[in-house]
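All remarks here apply to the structure that follows.
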Number of protein chains: 2
Amino acid sequence: MSEKKRGRPRAFDAKVTLEKARDVFWDRGFAGTSLDTLSAATQLNRPSLYGAFGDKEALYLDVMEAYRAESMDVLADALDLSLPLRDNLANVYKGALKIYLHGETAARGCFLISTATAEAIQHERVRELLRRSLEDFDSAIEQRMALAVERGELPDGSDVHMLARLASAVMHSLAVRARAGDSRKTLEALAQSGVDMICGKA
Amino acid sequence: MSEKKRGRPRAFDAKVTLEKARDVFWDRGFAGTSLDTLSAATQLNRPSLYGAFGDKEALYLDVMEAYRAESMDVLADALDLSLPLRDNLANVYKGALKIYLHGETAARGCFLISTATAEAIQHERVRELLRRSLEDFDSAIEQRMALAVERGELPDGSDVHMLARLASAVMHSLAVRARAGDSRKTLEALAQSGVDMICGKA
DNA sequence: CTCATTTTGTACCGTTTCGCATAAAATAAT
DNA sequence: ATTATTTTATGCGAAACGGTACAAAATGAG
């Protein structure tokens with residue numbers, strides 16, 4: 001698949017480097033993160049970073065895309081079709097909180113909502129990728145909701161389009177509140193209420 | 001009320017200055033806004049800014065607090081007690097969208113969610129003020145919900161605490177999605193669905 | 001072995017950044 | 001008028017910033 005290249009081989013794994021870069025961006029934001037900080041965190045000097053990913057914005061966009069892709073994977077796992085919709089949704093929120101509540105000094109929230117929103121005005125490509133990321137997430141949930149109607153888990157004629165976006169809305173709020181320092185208990189209560197709201201208070 | 005001070009009088013209105021500073025922070029974020037940019041936008045040279053508000057973080061905190069206070073005023077207006085809860089909630093979202101969809105190059109979203117979240121990890125005071133701002137908003141809505149139960153607008157035994165936080169959650173999502181570039185139509189549909197979800201699909 | 005190719009590391013460039021030192025300007029008090 | 005007090009304006013300076021030039025190092029090809 002990947003032929004061995006000609007010149008000096010890379011001394012780093014691009015995927016791991018993106019994760020390290022992601023973590024500093026996550027804590028400090030895009031504008032608040034210097035290339036020096038990124039260089040230290042990734043253990044790559046700036047020319048290597050530049051050669052591998054381009055300038056700071058290009059690196060950030062790569063990180064965004066990796067986060068989007070991984071989020072979709074996590075979502076797909078949570079939406080295990082062998083489980084009822086209620087459990088699926090609970091798992092989506094549970095998985096989100098597991099990510100959001102991680103953090104050394106404070107809970108870090110969602111990478112996109114916490115850091116990409118800030119840049120969305122000045123950097124059009126960030127805004128566009130953010131929009132698409134949210135949309136993809138909504139669509140995957142909507143698809144599961146449509147199946148739920150077929151299976152009789154949701155009433156016939158349910159507006160699955162809006163229901164999915166309401167389900168996402170709860171997650172967006174979890175992200176914001178986690179970053180603001182709300183307690184795990186508080187957030188889990190909101191998640192539970194979200195599930196009840198969408199699936200009915202069982 | 002305000003005695004005339006001794007020295008040279010200020011050539012600017014602090015409130016207006018805070019609004020101008022807020023607008024540049026809103027577009028570019030805290031870390032992405034330089035003192036030069038702030039100086040140009042407020043038409044104050046840096047030493048004047050520094051003398052009046054302190055350093056960049058102190059200025060930003062002042063802007064945050066002003067935004068929080070104004071948001072609570074807008075919310076109080078939307079929660080006009082002479083109207084039904086359904087109309088109140090619709091007005092809350094309508095008022096939010098009016099603010100969020102404003103913007104020269106792109107919709108700016110919510111000032112706090114778009115810019116304060118990014119700084120919340122590194123700047124504890126930002127995080128704390130953000131948390132308190134969200135909480136105040138939740139509490140005001142909860143208070144209105146409690147009245148709604150008394151008035152029979154909501155079923156007896158409704159969990160007004162969680163209902164209020166779900167209502168806020170929809171607004172948080174509107175904020176994120178507006179910043180991401182979602183259309184007015186899309187956002188208005190989500191707002192409508194939020195109202196229906198909380199108040200029942202009338 | 002020799003050469004072409006790619007990555008790495010050092011060092012550097014010009015610019016921007018934040019914050020302050022200092023002096024001029026504008027007012028109230030005396 | 002003189003003085004004390006506060007704000008304004010110019011300009012400085014040390015540090016950090018993003019980005020790159022350049023040569024050394026490490027590999028494959030011939």
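Below, read A as the first sequence line, B as the second, and so on, with proteins coming before strands; counting in each chain starts at 1.
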Restricting to pairs with a member in residues 79-122 of chain B, which pass ring pair (Phe, Tyr, Trp, His ring centres under 6.0 Å), not counting sequence neighbours?
-> W26(B)-F111(B), Y60(B)-F111(B), Y67(B)-F111(B)

Please list all pairs passing the side chain to side chain donor-acceptor pair (under 3.5 Å) test where one or both residues lie in residues 191-202 of chain A, with sequence neighbours left out.
-> R86(A)-D196(A), Q192(A)-D196(A)

Does a side-chain N-to-carboxylate-O contact under 4.0 Å join E153(B) and R144(B)?
-> yes

What does nucleotides 10-19 of chain D look like as a protein-contact string, B for base, S for sugar-phosphate only, - for none, at under 4.0 angstrom between heavy atoms?
-> B------SBB

Distances under 3.5 Å only, N/O to N/O: pair up the protein atoms with those of nucleotides 2-7 of chain C.
residue	atom	partner	partner atom	Å
dT6(C)	O2	R8(A)	N	3.1
dT7(C)	O4'	R8(A)	O	3.3
dT7(C)	O2	R8(A)	NH1	3.4

Salt bridge (charged side-chain N to carboxylate O under 4.0 Å, His left out) involving R68(B) - partner list, sequence neighbours excluded = E65(B), D136(B)

What are the two closest heavy atoms between A120(A) and L130(A), and how far apart are they?
-> CB-CD2, 4.5 Å

Between L134(B) and A180(A) the two heavy atoms that sit nearest each other are CD1-CB, 3.9 Å

Between C1' of dG9(C) and CG of L49(A), the distance in whole Å = 13 Å

So, with a heavy-atom separation below 4.0 Å from DNA chain C, the residues of residues 15-26 of chain A are none

Taking 4.0 angstrom as the limit, do R184(B) and E188(B) come out as a salt bridge?
-> yes

Show me the protein contacts with nucleotides 13-15 of chain C, counting only N or O atoms at under 3.5 Å.
none

S82(B) side chain to D80(B) side chain, donor-acceptor N/O pair below 3.5 angstrom = yes

May I have the list of side-chain donor-acceptor pairs in residues 11-18 of chain A shorter than 3.5 Å, sequence neighbours left out?
residue	atom	partner	partner atom	Å
D13(A)	OD1	K15(A)	N	2.7
D13(A)	OD1	V16(A)	N	3.4
T17(A)	OG1	D13(A)	O	3.1

Angle, rounded to 10°, between the helical axes spanning five pairs at each terminus of the helix from dC1(C)-dG30(D) to dT30(C)-dA1(D)?
-> 0°

For R151(A), enumerate each residue passing the salt bridge (charged side-chain N to carboxylate O under 4.0 Å, His left out) test, keeping only those at least two apart in sequence or located in another chain.
-> none

Pairs satisfying salt bridge (Lys or Arg N to Asp or Glu O under 4.0 Å), at least one member in residues 164-181 of chain A, at least two apart | D138(A)-R165(A), E142(A)-R165(A), R177(A)-D138(B)

To the nearest 0.5 angstrom, please state how far the CG atom of L101(A) sits from the CZ atom of R108(A).
-> 10.0 Å

Would you find a donor on one side and an acceptor on the other, under 3.5 Å apart, between the side chain of S158(B) and the backbone of L154(B)?
-> no

Between E128(A) and R132(A), does at least one N-O distance fall below 4.0 Å, as a salt bridge requires?
-> no

Go through the structure and list residues passing salt bridge (charged side-chain N to carboxylate O under 4.0 Å, His left out) with E19(B), not counting sequence neighbours.
-> none

